[in-house]
Amino acid sequence: IFPTIDLGEVSDEILNQKLREASERWGCYRVINHGVSLSLMSDMKKTIMDLFERPYEVKMRNTDVQQWSGYTAQSEINPYNEALGLYDTASPQAVNTFCDQLEASAEQREIMVKYAEAIRGLAKDLLRRLAESYGLADTTNFFKSWPSEFCIHKYHFKAEAVGKPSGVNLHTDWGFLTILQDDENVSGLEAMDPSSGTFFPLPPLANSLAINLGDMATIWSNGRLCNVKHRVQCNEAKTRFSIASFLLGPMDTDLEAPSEFVDAEHPRLYKA
Ligand code: AKG
């Protein structure tokens, strides 16, 4: 039921309107014809699958510099999920440190850089379109300096895990917009319909990307955009990979809704 939006739509006006409607109603949708090269997506998946094969001691070098940015190992309280994180994907230095820590090859490094750039480009394009859909064309650069972060997951789903939460429990993303390359073969992602509180699966769809709106989007839009609640469940005894790329928000200042979102009917909801 979550919409799938074709970014190849020729009319900017129609496309921007679709993105706005999906972002307000669901806070979650899939995109196809998104412009991120399919071979780059496949190379990135191969790269992260290989990085997860590193010994525990090597993965532990991926330390935290921001919330969720370091390595999370499987543990007694988190038996099914393992995650690697990279804060500030637009910084060559940050990408290099991440790759050094994980002993990535030169080719893998190049793939990470290209993927980060392509995904960040798409995220910015989606934000620009959203801003335009509200007639805020003049402010479309407000996100230019916001950092991006990768959270890369490997889910070890075993028969005994089926029907259980995976370790990625119900949450909203704190940034503005998340682009998720979820596993094209293994399901698990579920999002809540904000109007009924019911959970719906987002079944895998090859070559697509899933988009989630986060808390910063709700703050910026004075409550119009939905920060979708979502989680990952174990549905089948298979290994599942996903790459979440967050376009976060301003790091040194507070985010305020532009005055266009505030009027007598819509008083300011979030104060700095
Ligand atoms: C997150 O990293 O915030 C997620 O929700 C991951 C979702 C997924 O693995 O499909």
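Just follow the structure's listing: the first ligand is 1, and inside any ligand the first atom is 1. Atom set for the values below is all heavy atoms of this structure, side chains included, hydrogens, waters and symmetry mates excluded.
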Could you tell me if Arg231 sits above the aromatic ring of Phe199, with its cationic atom closer than 6.0 Å to the ring centre and no more than 45 degrees from the axis?
yes
Which of these, Leu209, Val36, Leu122, sits in a side chain to side chain contact (heavy atoms under 4.5 Å, CB included) with Leu7?
Leu122
Is there a donor in the side chain of Asp173 and an acceptor in the side chain of His171, or the other way round, less than 3.5 Å apart?
yes
Indicate whether the side chain of Gln101 and that of Tyr71 have a donor and an acceptor atom separated by less than 3.5 Å.
no
Within the supplied structure, the quantity of interest is the number of heavy atoms (other residues, nucleotides, ligands) at a distance under 6.0 Å from Lys229 NZ; does it exceed 12?
no
Any Lys/Arg nitrogen of Arg129 or Asp12 sitting under 4.0 Å from an Asp/Glu carboxylate oxygen of the other?
yes
First-shell residues of ligand 1 [heavy atom, distance under 4.0 Å]
His153, Tyr155, Val168, His171, Asp173, Leu180, Leu189, His230, Val232, Arg240, Ser242, Ala244, Phe246
